[in-house]
2 protein chains.
Amino acid sequence: MSNNRQPATIYQVAAQAGVSIATVSRALNGSDTVAESTRKRVLIAVKELKFRPSRLGQSLAEGRHAANGIVFPDLSGPYYAEVVLGYEEVAAELGSSVLILSTHGRPDPAGKVMDLARRVDGMVVISRTVADTVIAQVTEIGIPVVLLARPAVGSCDTLNADNVDSAHDLVGHLVEHGYERFGFLGDPAGSPDVHARYEAFRAALRAAGRRSPRAPLRCDFDVESGRRAAARALRRPARPEVLVCGNDETALGALEAAKELDLSVPEDVVITGWDDVMAARYAGLTTVRQPMRELGATAARWLQERIAGNAGPVRRETLATQLIVRSSCGVHDHKT
Amino acid sequence: MSNNRQPATIYQVAAQAGVSIATVSRALNGSDTVAESTRKRVLIAVKELKFRPSRLGQSLAEGRHAANGIVFPDLSGPYYAEVVLGYEEVAAELGSSVLILSTHGRPDPAGKVMDLARRVDGMVVISRTVADTVIAQVTEIGIPVVLLARPAVGSCDTLNADNVDSAHDLVGHLVEHGYERFGFLGDPAGSPDVHARYEAFRAALRAAGRRSPRAPLRCDFDVESGRRAAARALRRPARPEVLVCGNDETALGALEAAKELDLSVPEDVVITGWDDVMAARYAGLTTVRQPMRELGATAARWLQERIAGNAGPVRRETLATQLIVRSSCGVHDHKT
DNA sequence: TTGAAAGCGGTACCAG
DNA sequence: CTGGTACCGCTTTCAA
């Protein structure tokens with residue numbers, strides 16, 4: 001008949017067990033200085049009252065949230081979802097709850113991030129979701145921040161996936177195919193990754209003795225934006241032979257644009273992506289695979305260590321990526 | 001020079017402004033009973049000390065977390081990611097932080113959920129992530145729960161995507177193609193949705209006067225499991241003409257299996273999926289589109305209303321789904 | 001218009 | 001081994 005609306009408090013447990021709240025706390029937190037008989041009585045009271053310590057009281061007293069956060073632009077693409085998954089998995093293992101915050105298209109991202117900062121012991125910030133000054137503010141109040149897929153700032157640990165080597169591999173492969181006229185689809189100003197990819201792409205082209213591409217065909221990250229931008233480019237008389245896209249979703253859009261214009265891929269136009277999201281495989285898209293889960297997982301581990309007080313040197317690492325050759329970049333001997 | 005390690009407290013602000021903490025609290029929370037001059041002084045002190053109220057103190061005093069949670073099996077598939085996205089978007093709009101919890105393959109999901117319950121004002125539970133008894137426990141301590149993609153339990157609001165009508169449409173379409181021998185790929189015991197789909201599929205077949213399918217080809221939800229299970233089935237002499245799959249990922253696996261066995265789709269074998277994840281489009285997979293974002297968004301709204309104290313009647317709704325015909329189910333006149 | 005003080009629900013130190 | 005009690009940082013009466 002215990003139709004308790006309000007959860008029981010430690011005081012009620014103490015009363016029920018005939019001990020002080022201090023003893024209840026000890027009994028529950030595995031202190032070894034509690035008589036076995038007492039502990040037993042407490043445990044019984046706990047069971048009867050269905051007592052569960054209030055997280056708020058606990059956190060307030062302990063001075064920690066036992067939670068951390070992750071900030072990303074958007075969960076709609078498969079990319080961030082994978083990163084968040086890798087993050088959550090490790091965070092959970094380490095005993096932290098995880099709060100998520102998406103900033104894309106939301107008002108006042110800075111305020112939202114500062115708000116998040118009051119709820120967590122640390123956070124991961126992905127890409128260019130908030131201004132550097134905000135990150136500085138967060139770290140200043142003692143909340144460790146790990147940066148992901150964006151340039152380092154301050155003394156935050158920073159983790160990136162390689163864009164340079166993979167751009168080199170990609171361009172090298174395309175050059176072997178003999179292509180000459182390259183275009184880049186995506187907005188370098190839109191994300192640090194795309195920026196890095198574009199620069200590395202240009203450098204690789206130069207290194208291969210190819211003509212510089214014209215200015216990037218700027219577009220948003222989604223399929224539809226990619227489709228529109230690609231359609232414009234492919235309609236031009238001197239269309240590029242190759243469209244290197246800043247991410248897979250724009251590349252998928254480009255594939256659609258090609259189809260609409262009755263251009264076959266890779267015969268009439270070559271298209272490549274970046275990230276290797278699930279759909280890329282089924283679209284036969286040549287792309288660069290990122291270790292998305294591992295990015296999230298590593299960030300979670302680093303963050304935990306900082307929260308735990310690790311004062312070691314700042315970490316800056318770049319995880320390796322892998323060129324995935326499929327059919328969209330040309331015909332190959334071996335099977336897809 | 002304010003190199004404050006520890007964040008300022010309301011006491012320091014009060015001291016600095018020469019008022020009591022009560023006044024600081026009022027000034028900050030827009031009480032109209034604070035003299036303008038006083039408020040100004042307080043605000044200055046706040047700025048100087050970079051004061052931000054502690055979420056814990058605030059929540060403890062207010063008796064609410066201003067946060068809610070969402071429990072899902074796994075974020076790896078695109079499906080849940082979309083649902084979570086829709087959820088987070090609305091929750092953020094409504095001023096709640098969101099905590100995520102993935103249970104798949106984790107030890108003690110019940111404990112994790114109870115733990116989550118202590119950090120939120122309410123939660124959404126998707127699919128069969130935890131036992132019904134756990135859900136009962138959560139609601140019993142006064143935490144509203146909204147159920148998603150699973151059967152109702154207790155008096156929780158419950159939201160589902162339609163499986164019956166879409167199964168009917170799907171089977172109807174396949175029957176029009178003239179197919180006779182149907183198989184089902186997926187484990188009805190693995191998720192409420194797959195269960196419902198299988199049952200609806202059978203019922204629709206019966207209604208269409210087709211032979212009952214043999215027992216479902218059970219497999220997990222990922223591509224690889226689908227591939228293996230499908231390969232087994234397709235190698236049998238009397239292989240099914242049609243493989244209706246419980247979700248898109250297993251269907252994608254089935255497509256691979258067919259390819260490996262040199263069976264062409266849809267000529268040699270027809271394959272359909274469920275969910276319409278992004279990859280389905282590029283794989284040419286006939287499937288059923290679910291309003292994933294809207295599922296999440298609606299759940300978030302319902303939850304918020306319950307948290308706010310809405311005591312209206314229990315809600316049970318089913319959102320409509322849509323048959324998406326692509327190439328994997330047969331040749332059609334119109335374009336894909 | 002403001003301040004004092006009583007919670008909110010725990011943890012942990014200090015005595016006993 | 002146990003109890004008393006001082007926090008943790010805020011909101012909200014109740015009085016003045």
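Every chain is numbered from 1 and lettered A, B, ... according to where its sequence line falls, protein lines coming before strand lines.
- Here the nucleotide nearest the side chain of Ile10(A), chosen from dG10(C), dT11(D), dG9(D), is dG10(C).
- The side chain of Ser25(A) contributes an N or O atom lying less than 4.0 Å from OP1 or OP2 of dT11(C).
- Straight-line distance from the CD atom of Glu36(A) to the P atom of dT2(D): 10 Å, rounded to whole Å.
- Between the side chain of Tyr11(B) and the base of dC8(D), no donor-acceptor pair under 3.5 Å is found.
- Closest approach to the Val34(A) side chain among dT2(D), dT11(D), dT5(D) is made by dT2(D) (side chain taken as heavy atoms from C-beta onward).
- Atom CD in Glu62(B) sits roughly 14 Å away from atom C1' in dG7(C) (whole-Å rounding).
- Comparing Phe51(B) and Ser31(A), the nucleotide of DNA chain D nearest to each residue sits closer to the 5' end for Ser31(A).
- Judged by atom type and distance alone, Arg26(A) reaches the base of dG3(D) through a side-chain donor-acceptor pair under 3.5 Å.
- Residue Gln304(B) forms a side-chain contact (heavy atoms from CB on, under 4.5 Å) with just one option from Asp121(B), Val146(B), Leu94(B), and that option is Leu94(B).
- Among the protein residues, Val19(B) comes within range of the sugar-phosphate backbone only, with heavy atoms under 4.0 Å from sugar or phosphate atoms but none that close to a base.
- Atom-to-atom, NE2 of His65(A) to C1' of dC8(D) comes out at 12 Å; the value is rounded to the nearest Å.
- As a whole-Å value, the separation of Asn29(A) CG from dG10(C) P is 11 Å.
- Put simply, the side chain of Gln16(A) does not reach to within 4.5 Å of the side chain of Phe51(A), judged on heavy atoms.
- In this structure, the separation between CZ on Arg315(B) and CG on Asn310(B) is 6.0 Å, given to the nearest 0.5 Å.
- The interatomic distance linking Gln12(A) (CD) with dG9(C) (P) rounds to 8 Å, in whole Å.
- At whole-Å resolution of the value, CZ in Arg64(B) and P in dG9(D) are 21 Å apart.
- You'll find that the side chain of Thr23(A) is closest to dT2(D), out of dG9(C), dT1(C), dT2(D).
- Taking only side-chain nitrogens and oxygens, Gln58(A) comes nearer than 4.0 Å to OP1 or OP2 of dT11(C).
- Considering only side-chain atoms of Ala22(A), the nucleotide from dT2(C), dT2(D), dT5(D) that sits closest is dT5(D).
- Between Ser20(B) and dG3(C) there is a side-chain N or O to OP1 or OP2 distance below 4.0 Å.
- Closest approach to the Ala35(B) side chain among dG9(C), dG3(C), dT2(C) is made by dT2(C) (side chain taken as heavy atoms from C-beta onward).
- Arg41(B) has its CZ atom 11 Å from the C1' atom of dT2(C), to the nearest Å.
- If you find the closest nucleotide of DNA chain C to Arg52(A) and to Thr33(B), the one lying nearer the 5' end belongs to Thr33(B).
- A distance-only check finds no donor-acceptor pair linking the side chain of Arg26(B) to the backbone of Gly30(B) [under 3.5 Å].
- Expressed to the nearest 0.5 Å, how far CG of Asp74(B) lies from CZ of Phe221(B) amounts to 10.0 Å.
- Rounded to whole angstrom, the span from the CD1 atom of Ile21(A) across to the C1' atom of dA6(D) amounts to 11 Å.
- Counting heavy atoms from C-beta outward, Tyr87(A) and Leu148(A) have side chains that stay 4.5 Å or more apart.
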